[in-house]
2 protein chains.
Amino acid sequence: MADQSPVEESPSRGRRADAQRNRQTVLAAAAEVFVTSGVDAPIRQIAARAGVGMATIYRHFPTRADLVTAVYRHQIEECAEAGPNLLASADSPFDALRQWIDLFVDFLVTKHGLADALQSESDRFAALHSYFLDRLLPVCAQLLDAAVESGDIRPGTQPYELMRGIGNLCIGRDSDPRYDPRRLIALIFQGLQRPHAP
Amino acid sequence: MADQSPVEESPSRGRRADAQRNRQTVLAAAAEVFVTSGVDAPIRQIAARAGVGMATIYRHFPTRADLVTAVYRHQIEECAEAGPNLLASADSPFDALRQWIDLFVDFLVTKHGLADALQSESDRFAALHSYFLDRLLPVCAQLLDAAVESGDIRPGTQPYELMRGIGNLCIGRDSDPRYDPRRLIALIFQGLQRPHAP
DNA sequence: TACTAAATGGAGCGGCGCTCCGGTTCAGGT
DNA sequence: ACCTGAACCGGAGCGCCGCTCCATTTAGTA
(Lines give C-alpha, C1' and ligand atoms only; values in the text may rest on other atoms or scores of the structure.)
Protein backbone atom coordinates (compact mmCIF):
# COMPACT_ATOMS: atom_id res chain seq x y z
CA MET A 1 0.00 0.00 0.00
CA ALA A 2 0.96 3.63 -0.37
CA ASP A 3 2.86 2.66 -3.48
CA GLN A 4 1.81 5.95 -4.95
CA SER A 5 3.80 8.50 -3.03
CA PRO A 6 2.25 11.93 -2.54
CA VAL A 7 4.77 13.45 -4.91
CA GLU A 8 4.48 11.65 -8.24
CA GLU A 9 7.00 11.74 -11.06
CA SER A 10 6.51 15.16 -12.54
CA PRO A 11 5.88 14.14 -16.18
CA SER A 12 2.85 12.03 -15.25
CA ARG A 13 1.06 14.45 -12.96
CA GLY A 14 -2.23 15.91 -14.14
CA ARG A 15 -2.32 13.66 -17.20
CA ARG A 16 -5.23 11.54 -18.06
CA ALA A 17 -5.31 8.09 -16.55
CA ASP A 18 -4.87 6.24 -19.86
CA ALA A 19 -1.92 8.45 -20.75
CA GLN A 20 -0.21 7.57 -17.50
CA ARG A 21 -0.84 3.90 -18.11
CA ASN A 22 0.63 4.12 -21.58
CA ARG A 23 3.63 5.96 -20.23
CA GLN A 24 4.39 3.08 -17.89
CA THR A 25 3.80 0.52 -20.63
CA VAL A 26 6.25 2.29 -22.91
CA LEU A 27 8.81 2.57 -20.15
CA ALA A 28 8.60 -1.15 -19.43
CA ALA A 29 8.83 -2.06 -23.12
CA ALA A 30 11.77 0.25 -23.64
CA ALA A 31 13.59 -1.27 -20.67
CA GLU A 32 13.15 -4.74 -22.15
CA VAL A 33 14.21 -3.72 -25.63
CA PHE A 34 17.23 -1.78 -24.37
CA VAL A 35 18.55 -4.95 -22.74
CA THR A 36 18.46 -6.94 -25.95
CA SER A 37 19.03 -4.31 -28.62
CA GLY A 38 20.79 -1.48 -26.82
CA VAL A 39 19.67 2.09 -26.36
CA ASP A 40 19.76 2.63 -30.12
CA ALA A 41 16.94 0.22 -30.80
CA PRO A 42 14.43 1.44 -33.40
CA ILE A 43 11.49 3.34 -31.94
CA ARG A 44 9.18 1.20 -34.05
CA GLN A 45 10.42 -1.86 -32.21
CA ILE A 46 9.71 -0.37 -28.80
CA ALA A 47 6.31 0.81 -29.98
CA ALA A 48 5.45 -2.66 -31.26
CA ARG A 49 6.59 -4.25 -28.03
CA ALA A 50 4.48 -1.85 -26.02
CA GLY A 51 1.52 -2.25 -28.36
CA VAL A 52 1.24 1.48 -29.01
CA GLY A 53 1.87 3.80 -31.91
CA MET A 54 5.13 5.64 -32.38
CA ALA A 55 3.50 8.99 -31.81
CA THR A 56 2.60 7.91 -28.30
CA ILE A 57 6.24 7.37 -27.49
CA TYR A 58 7.28 10.64 -29.07
CA ARG A 59 4.56 12.47 -27.19
CA HIS A 60 5.69 11.20 -23.80
CA PHE A 61 9.41 11.31 -24.58
CA PRO A 62 10.15 13.92 -27.23
CA THR A 63 13.73 12.79 -27.71
CA ARG A 64 15.36 9.42 -27.39
CA ALA A 65 17.47 10.79 -24.59
CA ASP A 66 14.34 11.55 -22.59
CA LEU A 67 13.25 7.94 -22.91
CA VAL A 68 16.62 6.57 -21.89
CA THR A 69 16.80 8.98 -18.99
CA ALA A 70 13.36 7.95 -17.76
CA VAL A 71 14.19 4.26 -18.03
CA TYR A 72 17.35 4.55 -15.96
CA ARG A 73 16.24 7.38 -13.69
CA HIS A 74 15.86 5.17 -10.64
CA GLN A 75 19.30 3.67 -10.97
CA ILE A 76 20.94 7.01 -11.59
CA GLU A 77 19.20 8.27 -8.49
CA GLU A 78 20.41 5.31 -6.47
CA CYS A 79 23.94 5.97 -7.60
CA ALA A 80 23.68 9.62 -6.69
CA GLU A 81 22.27 8.88 -3.26
CA ALA A 82 24.90 6.26 -2.57
CA GLY A 83 27.61 8.93 -2.58
CA PRO A 84 26.89 10.60 0.75
CA ASN A 85 25.98 7.25 2.31
CA LEU A 86 29.33 5.73 1.37
CA LEU A 87 31.10 8.79 2.67
CA ALA A 88 29.49 8.12 6.04
CA SER A 89 29.94 4.36 6.11
CA ALA A 90 33.28 3.71 4.47
CA ASP A 91 36.56 3.51 6.34
CA SER A 92 37.93 6.57 4.59
CA PRO A 93 36.92 9.10 1.97
CA PHE A 94 39.32 7.34 -0.35
CA ASP A 95 37.50 4.06 0.10
CA ALA A 96 34.18 5.80 -0.32
CA LEU A 97 35.33 7.23 -3.64
CA ARG A 98 36.58 3.86 -4.80
CA GLN A 99 33.37 2.09 -3.86
CA TRP A 100 31.26 4.75 -5.49
CA ILE A 101 33.17 4.48 -8.71
CA ASP A 102 32.72 0.71 -8.56
CA LEU A 103 29.00 1.34 -8.38
CA PHE A 104 29.17 3.76 -11.27
CA VAL A 105 31.14 1.35 -13.41
CA ASP A 106 28.77 -1.51 -12.62
CA PHE A 107 25.90 0.64 -13.75
CA LEU A 108 27.58 1.58 -17.02
CA VAL A 109 28.75 -1.88 -18.03
CA THR A 110 25.43 -3.47 -17.08
CA LYS A 111 23.35 -1.26 -19.35
CA HIS A 112 24.57 -2.15 -22.78
CA GLY A 113 25.37 0.85 -24.84
CA LEU A 114 24.70 3.38 -22.13
CA ALA A 115 28.28 4.53 -21.90
CA ASP A 116 28.41 4.67 -25.68
CA ALA A 117 25.36 6.89 -25.73
CA LEU A 118 26.80 9.24 -23.15
CA GLN A 119 29.65 10.11 -25.46
CA SER A 120 27.77 9.70 -28.69
CA GLU A 121 29.30 11.66 -31.51
CA SER A 122 26.04 13.26 -32.50
CA ASP A 123 24.05 15.43 -30.11
CA ARG A 124 21.12 13.05 -29.95
CA PHE A 125 21.84 12.33 -26.33
CA ALA A 126 22.65 15.81 -25.14
CA ALA A 127 19.79 15.72 -22.64
CA LEU A 128 20.96 12.40 -21.24
CA HIS A 129 24.45 13.76 -20.93
CA SER A 130 23.16 16.78 -19.06
CA TYR A 131 21.07 14.70 -16.71
CA PHE A 132 23.96 12.46 -15.82
CA LEU A 133 26.19 15.42 -15.18
CA ASP A 134 23.66 17.42 -13.19
CA ARG A 135 22.91 14.51 -10.93
CA LEU A 136 26.23 12.73 -10.52
CA LEU A 137 28.88 15.38 -10.96
CA PRO A 138 28.18 17.07 -7.60
CA VAL A 139 28.32 13.68 -5.89
CA CYS A 140 31.63 12.85 -7.49
CA ALA A 141 32.96 16.28 -6.62
CA GLN A 142 31.93 15.87 -2.99
CA LEU A 143 33.68 12.51 -2.71
CA LEU A 144 36.73 13.85 -4.45
CA ASP A 145 36.90 16.89 -2.19
CA ALA A 146 36.57 14.74 0.89
CA ALA A 147 39.39 12.50 -0.25
CA VAL A 148 41.57 15.49 -0.98
CA GLU A 149 40.72 16.96 2.40
CA SER A 150 41.74 13.76 4.14
CA GLY A 151 45.02 13.76 2.28
CA ASP A 152 44.52 10.50 0.39
CA ILE A 153 44.19 12.11 -3.01
CA ARG A 154 46.31 14.84 -4.43
CA PRO A 155 44.39 18.00 -5.35
CA GLY A 156 43.87 19.32 -8.85
CA THR A 157 41.72 16.57 -10.30
CA GLN A 158 38.62 17.81 -12.08
CA PRO A 159 35.50 15.77 -11.31
CA TYR A 160 34.22 16.18 -14.85
CA GLU A 161 37.38 14.84 -16.34
CA LEU A 162 37.38 11.86 -14.00
CA MET A 163 33.77 10.97 -14.66
CA ARG A 164 34.00 11.36 -18.40
CA GLY A 165 37.20 9.35 -18.46
CA ILE A 166 35.60 6.53 -16.52
CA GLY A 167 32.57 6.69 -18.77
CA ASN A 168 34.76 6.50 -21.84
CA LEU A 169 36.69 3.54 -20.51
CA CYS A 170 33.43 1.65 -20.12
CA ILE A 171 32.49 2.05 -23.76
CA GLY A 172 32.26 -1.00 -25.94
CA ARG A 173 31.20 -4.61 -25.75
CA ASP A 174 32.36 -6.27 -22.57
CA SER A 175 32.72 -9.74 -24.04
CA ASP A 176 36.47 -9.46 -24.61
CA PRO A 177 38.39 -10.94 -21.69
CA ARG A 178 41.46 -8.95 -22.73
CA TYR A 179 39.78 -5.71 -21.77
CA ASP A 180 38.47 -4.90 -18.33
CA PRO A 181 37.89 -1.20 -17.74
CA ARG A 182 38.21 -1.74 -14.00
CA ARG A 183 41.88 -2.53 -14.29
CA LEU A 184 42.62 0.76 -16.05
CA ILE A 185 40.42 2.68 -13.65
CA ALA A 186 42.36 1.13 -10.79
CA LEU A 187 45.51 2.39 -12.50
CA ILE A 188 44.11 5.89 -12.67
CA PHE A 189 43.22 5.60 -9.03
CA GLN A 190 46.73 4.68 -8.16
CA GLY A 191 47.90 7.76 -10.02
CA LEU A 192 45.43 9.86 -8.12
CA GLN A 193 46.88 8.96 -4.73
CA ARG A 194 49.43 11.13 -3.08
CA PRO A 195 52.94 9.99 -4.04
CA HIS A 196 53.94 9.66 -0.38
CA ALA A 197 51.10 8.62 1.87
CA PRO A 198 51.41 9.79 5.49
CA MET B 1 60.29 11.36 -60.80
CA ALA B 2 59.82 7.71 -59.90
CA ASP B 3 56.76 8.75 -57.96
CA GLN B 4 55.27 5.42 -58.89
CA SER B 5 57.25 2.96 -56.86
CA PRO B 6 57.73 -0.55 -58.31
CA VAL B 7 55.47 -1.99 -55.64
CA GLU B 8 52.16 -0.15 -55.81
CA GLU B 9 49.41 -0.27 -53.23
CA SER B 10 48.00 -3.73 -53.73
CA PRO B 11 44.36 -2.78 -54.35
CA SER B 12 45.23 -0.70 -57.40
CA ARG B 13 47.53 -3.09 -59.21
CA GLY B 14 46.33 -4.57 -62.46
CA ARG B 15 43.28 -2.29 -62.56
CA ARG B 16 42.37 -0.18 -65.50
CA ALA B 17 43.88 3.29 -65.55
CA ASP B 18 40.57 5.10 -65.11
CA ALA B 19 39.73 2.88 -62.17
CA GLN B 20 42.97 3.78 -60.45
CA ARG B 21 42.32 7.46 -61.09
CA ASN B 22 38.84 7.17 -59.65
CA ARG B 23 40.22 5.36 -56.64
CA GLN B 24 42.49 8.28 -55.87
CA THR B 25 39.69 10.78 -56.48
CA VAL B 26 37.45 8.97 -54.02
CA LEU B 27 40.21 8.77 -51.46
CA ALA B 28 40.82 12.50 -51.68
CA ALA B 29 37.14 13.33 -51.49
CA ALA B 30 36.66 11.03 -48.51
CA ALA B 31 39.58 12.61 -46.70
CA GLU B 32 38.04 16.05 -47.16
CA VAL B 33 34.58 14.97 -46.11
CA PHE B 34 35.88 13.08 -43.07
CA VAL B 35 37.41 16.29 -41.77
CA THR B 36 34.17 18.22 -41.89
CA SER B 37 31.56 15.53 -41.32
CA GLY B 38 33.41 12.77 -39.54
CA VAL B 39 33.94 9.19 -40.62
CA ASP B 40 30.19 8.57 -40.52
CA ALA B 41 29.49 10.94 -43.38
CA PRO B 42 26.90 9.64 -45.89
CA ILE B 43 28.41 7.75 -48.79
CA ARG B 44 26.27 9.81 -51.14
CA GLN B 45 28.03 12.93 -49.92
CA ILE B 46 31.47 11.50 -50.60
CA ALA B 47 30.34 10.27 -54.00
CA ALA B 48 29.00 13.71 -54.90
CA ARG B 49 32.20 15.38 -53.74
CA ALA B 50 34.25 13.00 -55.86
CA GLY B 51 31.89 13.34 -58.82
CA VAL B 52 31.34 9.59 -59.06
CA GLY B 53 28.47 7.21 -58.43
CA MET B 54 28.03 5.37 -55.18
CA ALA B 55 28.70 2.01 -56.77
CA THR B 56 32.20 3.19 -57.66
CA ILE B 57 32.97 3.76 -54.01
CA TYR B 58 31.48 0.44 -52.96
CA ARG B 59 33.45 -1.36 -55.64
CA HIS B 60 36.78 0.02 -54.49
CA PHE B 61 35.97 -0.08 -50.79
CA PRO B 62 33.37 -2.74 -50.05
CA THR B 63 32.84 -1.58 -46.48
CA ARG B 64 33.09 1.80 -44.87
CA ALA B 65 35.92 0.50 -42.73
CA ASP B 66 37.93 -0.24 -45.86
CA LEU B 67 37.53 3.35 -46.98
CA VAL B 68 38.53 4.77 -43.61
CA THR B 69 41.47 2.42 -43.43
CA ALA B 70 42.68 3.44 -46.86
CA VAL B 71 42.35 7.14 -46.06
CA TYR B 72 44.42 6.88 -42.89
CA ARG B 73 46.73 4.10 -43.96
CA HIS B 74 49.74 6.34 -44.34
CA GLN B 75 49.39 7.84 -40.92
CA ILE B 76 48.82 4.49 -39.26
CA GLU B 77 51.93 3.27 -40.99
CA GLU B 78 53.90 6.28 -39.78
CA CYS B 79 52.79 5.62 -36.26
CA ALA B 80 53.74 1.98 -36.49
CA GLU B 81 57.17 2.76 -37.89
CA ALA B 82 57.81 5.41 -35.27
CA GLY B 83 57.81 2.75 -32.54
CA PRO B 84 61.17 1.12 -33.22
CA ASN B 85 62.67 4.48 -34.14
CA LEU B 86 61.71 6.01 -30.83
CA LEU B 87 63.03 2.99 -29.01
CA ALA B 88 66.39 3.68 -30.62
CA SER B 89 66.44 7.45 -30.21
CA ALA B 90 64.77 8.11 -26.88
CA ASP B 91 66.63 8.36 -23.59
CA SER B 92 64.91 5.29 -22.21
CA PRO B 93 62.31 2.71 -23.20
CA PHE B 94 59.97 4.46 -20.82
CA ASP B 95 60.39 7.74 -22.67
CA ALA B 96 60.00 5.96 -25.97
CA LEU B 97 56.70 4.51 -24.83
CA ARG B 98 55.49 7.88 -23.63
CA GLN B 99 56.43 9.62 -26.84
CA TRP B 100 54.85 6.92 -28.94
CA ILE B 101 51.59 7.16 -27.05
CA ASP B 102 51.70 10.93 -27.51
CA LEU B 103 51.90 10.28 -31.24
CA PHE B 104 49.05 7.81 -31.07
CA VAL B 105 46.86 10.20 -29.12
CA ASP B 106 47.62 13.05 -31.51
CA PHE B 107 46.53 10.86 -34.38
CA LEU B 108 43.28 9.91 -32.70
CA VAL B 109 42.22 13.36 -31.56
CA THR B 110 43.14 14.95 -34.87
CA LYS B 111 40.94 12.67 -36.95
CA HIS B 112 37.47 13.53 -35.74
CA GLY B 113 35.43 10.50 -34.96
CA LEU B 114 38.19 7.99 -35.60
CA ALA B 115 38.42 6.87 -31.99
CA ASP B 116 34.64 6.68 -31.88
CA ALA B 117 34.62 4.44 -34.91
CA LEU B 118 37.23 2.14 -33.44
CA GLN B 119 34.91 1.26 -30.59
CA SER B 120 31.67 1.60 -32.47
CA GLU B 121 28.91 -0.42 -30.94
CA SER B 122 27.96 -2.07 -34.19
CA ASP B 123 30.39 -4.20 -36.16
CA ARG B 124 30.52 -1.84 -39.11
CA PHE B 125 34.14 -1.04 -38.37
CA ALA B 126 35.39 -4.50 -37.52
CA ALA B 127 37.88 -4.39 -40.38
CA LEU B 128 39.23 -1.03 -39.24
CA HIS B 129 39.56 -2.35 -35.72
CA SER B 130 41.47 -5.36 -36.98
CA TYR B 131 43.81 -3.27 -39.09
CA PHE B 132 44.64 -0.99 -36.21
CA LEU B 133 45.30 -3.93 -33.95
CA ASP B 134 47.33 -5.92 -36.46
CA ARG B 135 49.55 -2.97 -37.22
CA LEU B 136 49.92 -1.16 -33.92
CA LEU B 137 49.49 -3.80 -31.24
CA PRO B 138 52.88 -5.44 -31.91
CA VAL B 139 54.56 -2.04 -31.80
CA CYS B 140 52.93 -1.21 -28.50
CA ALA B 141 53.83 -4.61 -27.13
CA GLN B 142 57.44 -4.16 -28.15
CA LEU B 143 57.68 -0.78 -26.44
CA LEU B 144 55.95 -2.11 -23.37
CA ASP B 145 58.23 -5.12 -23.16
CA ALA B 146 61.31 -2.94 -23.50
CA ALA B 147 60.11 -0.68 -20.70
CA VAL B 148 59.42 -3.67 -18.49
CA GLU B 149 62.82 -5.11 -19.31
CA SER B 150 64.52 -1.89 -18.32
CA GLY B 151 62.64 -1.87 -15.04
CA ASP B 152 60.71 1.36 -15.59
CA ILE B 153 57.32 -0.30 -15.94
CA ARG B 154 55.94 -3.04 -13.80
CA PRO B 155 55.07 -6.22 -15.69
CA GLY B 156 51.57 -7.58 -16.21
CA THR B 157 50.09 -4.86 -18.37
CA GLN B 158 48.35 -6.16 -21.47
CA PRO B 159 49.11 -4.13 -24.62
CA TYR B 160 45.58 -4.62 -25.91
CA GLU B 161 44.05 -3.25 -22.76
CA LEU B 162 46.35 -0.26 -22.78
CA MET B 163 45.71 0.60 -26.41
CA ARG B 164 41.98 0.15 -26.19
CA GLY B 165 41.87 2.20 -23.02
CA ILE B 166 43.78 5.02 -24.63
CA GLY B 167 41.54 4.81 -27.67
CA ASN B 168 38.46 4.98 -25.51
CA LEU B 169 39.74 7.97 -23.58
CA CYS B 170 40.13 9.84 -26.87
CA ILE B 171 36.50 9.37 -27.83
CA GLY B 172 34.30 12.41 -28.15
CA ARG B 173 34.46 16.01 -29.27
CA ASP B 174 37.59 17.71 -28.10
CA SER B 175 36.10 21.18 -27.76
CA ASP B 176 35.52 20.92 -24.02
CA PRO B 177 38.42 22.47 -22.09
CA ARG B 178 37.36 20.51 -19.01
CA TYR B 179 38.37 17.25 -20.64
CA ASP B 180 41.82 16.46 -21.92
CA PRO B 181 42.45 12.76 -22.45
CA ARG B 182 46.18 13.36 -22.11
CA ARG B 183 45.86 14.18 -18.44
CA LEU B 184 44.15 10.88 -17.68
CA ILE B 185 46.57 8.97 -19.85
CA ALA B 186 49.40 10.58 -17.91
CA LEU B 187 47.72 9.32 -14.76
CA ILE B 188 47.58 5.80 -16.12
CA PHE B 189 51.22 6.13 -16.99
CA GLN B 190 52.07 7.10 -13.49
CA GLY B 191 50.23 4.01 -12.29
CA LEU B 192 52.18 1.91 -14.75
CA GLN B 193 55.56 2.87 -13.30
CA ARG B 194 57.24 0.73 -10.73
CA PRO B 195 56.26 1.90 -7.22
CA HIS B 196 59.94 2.32 -6.29
CA ALA B 197 62.19 3.22 -9.18
CA PRO B 198 65.79 2.04 -8.84
C1' DT C 1 38.61 0.28 -86.42
C1' DA C 2 36.13 -3.28 -84.05
C1' DC C 3 35.64 -6.06 -80.14
C1' DT C 4 35.36 -7.44 -75.17
C1' DA C 5 35.74 -7.23 -70.47
C1' DA C 6 36.18 -3.89 -66.95
C1' DA C 7 34.16 -0.03 -64.93
C1' DT C 8 30.49 3.14 -64.17
C1' DG C 9 26.28 5.55 -62.19
C1' DG C 10 21.90 6.12 -60.63
C1' DA C 11 17.38 4.04 -60.03
C1' DG C 12 15.42 1.13 -56.65
C1' DC C 13 14.58 -1.40 -52.26
C1' DG C 14 14.25 -1.76 -47.37
C1' DG C 15 14.84 0.45 -42.97
C1' DC C 16 14.79 4.28 -39.95
C1' DG C 17 13.50 8.89 -37.46
C1' DC C 18 10.11 11.97 -36.98
C1' DT C 19 5.52 14.52 -37.93
C1' DC C 20 0.83 15.25 -39.10
C1' DC C 21 -3.94 14.46 -38.93
C1' DG C 22 -8.43 11.99 -38.74
C1' DG C 23 -10.56 9.04 -35.52
C1' DT C 24 -11.21 7.58 -30.57
C1' DT C 25 -11.66 7.85 -25.58
C1' DC C 26 -11.85 9.94 -21.22
C1' DA C 27 -13.65 13.13 -17.56
C1' DG C 28 -16.48 16.64 -15.68
C1' DG C 29 -20.63 19.22 -15.80
C1' DT C 30 -25.77 19.03 -16.47
C1' DA D 1 -27.32 8.88 -17.70
C1' DC D 2 -25.69 11.66 -21.20
C1' DC D 3 -23.18 15.13 -23.69
C1' DT D 4 -19.22 17.35 -25.29
C1' DG D 5 -14.69 19.18 -25.99
C1' DA D 6 -10.26 18.40 -24.93
C1' DA D 7 -6.78 15.07 -24.47
C1' DC D 8 -5.04 11.17 -26.54
C1' DC D 9 -4.03 7.68 -29.98
C1' DG D 10 -2.26 5.15 -34.21
C1' DG D 11 -0.20 4.70 -38.44
C1' DA D 12 0.35 6.65 -43.07
C1' DG D 13 3.69 9.57 -45.11
C1' DC D 14 8.03 12.16 -46.00
C1' DG D 15 12.89 12.55 -46.21
C1' DC D 16 17.38 10.46 -45.51
C1' DC D 17 20.46 6.68 -45.61
C1' DG D 18 23.01 2.13 -46.78
C1' DC D 19 23.52 -1.00 -50.17
C1' DT D 20 22.67 -3.59 -54.80
C1' DC D 21 21.60 -4.48 -59.58
C1' DC D 22 22.11 -3.88 -64.35
C1' DA D 23 21.93 -1.24 -68.71
C1' DT D 24 25.37 1.66 -70.58
C1' DT D 25 29.93 3.56 -71.37
C1' DT D 26 34.84 3.18 -71.87
C1' DA D 27 39.75 1.51 -71.84
C1' DG D 28 42.82 -1.48 -73.85
C1' DT D 29 43.88 -4.78 -77.61
C1' DA D 30 44.03 -7.22 -82.11
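Here is how names work: the chains are called A, B, and so on, in the same order as the sequence lines, proteins then strands, and each is numbered from 1.
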Which pairs pass salt bridge (Lys or Arg N to Asp or Glu O under 4.0 Å) with one or both residues in residues 42-54 of chain B, sequence neighbours excluded?
B:Glu32-B:Arg49
In whole angstrom, give the distance that lies between atom CZ of A:Phe61 and atom P of C:dC18.
15 Å
Non-neighbouring partners of B:Glu78 that pass salt bridge (Lys or Arg N to Asp or Glu O under 4.0 Å), sequence neighbours left out:
none
Using atom CD1 of A:Ile57 as one end and atom P of C:dT19 as the other, report the distance to the nearest whole Å.
14 Å
Heavy-atom check, side chain of A:Leu136 versus side chain of A:Trp100, under 4.5 Å
yes
Contact string for nucleotides 15-21 of chain D, one letter per nucleotide 5' to 3', B = base within protein heavy-atom range under 4.0 Å, S = sugar-phosphate only, - = neither, reads --BBBBB
Do nucleotides 23-30 of chain D as a string where each nucleotide becomes B, S or -: B if the base has a protein heavy atom under 4.0 Å, S if just the sugar-phosphate does, - if no protein is that close.
---BSS--
Side-chain N,O (A:His60) to OP1/OP2 (D:dC9) below 4.0 Å
yes
Distance-only donor-acceptor pairs under 3.5 Å for side chains of residues 111-118 of chain A, two or more places apart:
none

Would you say A:Asp66 and A:Thr69 are linked by a side-chain donor-acceptor pair, where the criterion is simply a distance under 3.5 Å?
no
So, does A:Asn22 get its side chain near the phosphate of D:dC9, meaning an N or O under 4.0 Å from OP1 or OP2?
yes
Could you note down all residue pairs passing salt bridge (Lys or Arg N to Asp or Glu O under 4.0 Å) where residues 79-93 of chain A supplies at least one of them, sequence neighbours left out?
none
Between A:Asp18 and A:Arg21, is the salt bridge (Lys or Arg N to Asp or Glu O under 4.0 Å) condition met? List the steps.
CA-CA 5 Å; A:Asp18 57 340; A:Arg21 245 183 298 121; 5.5 Å; no
Do B:Tyr160 and B:Arg164 have a side chain donor and acceptor closer than 3.5 Å?
yes
Round to a whole Å and report the spacing from CD1 of A:Ile46 to C1' of C:dC18.
14 Å
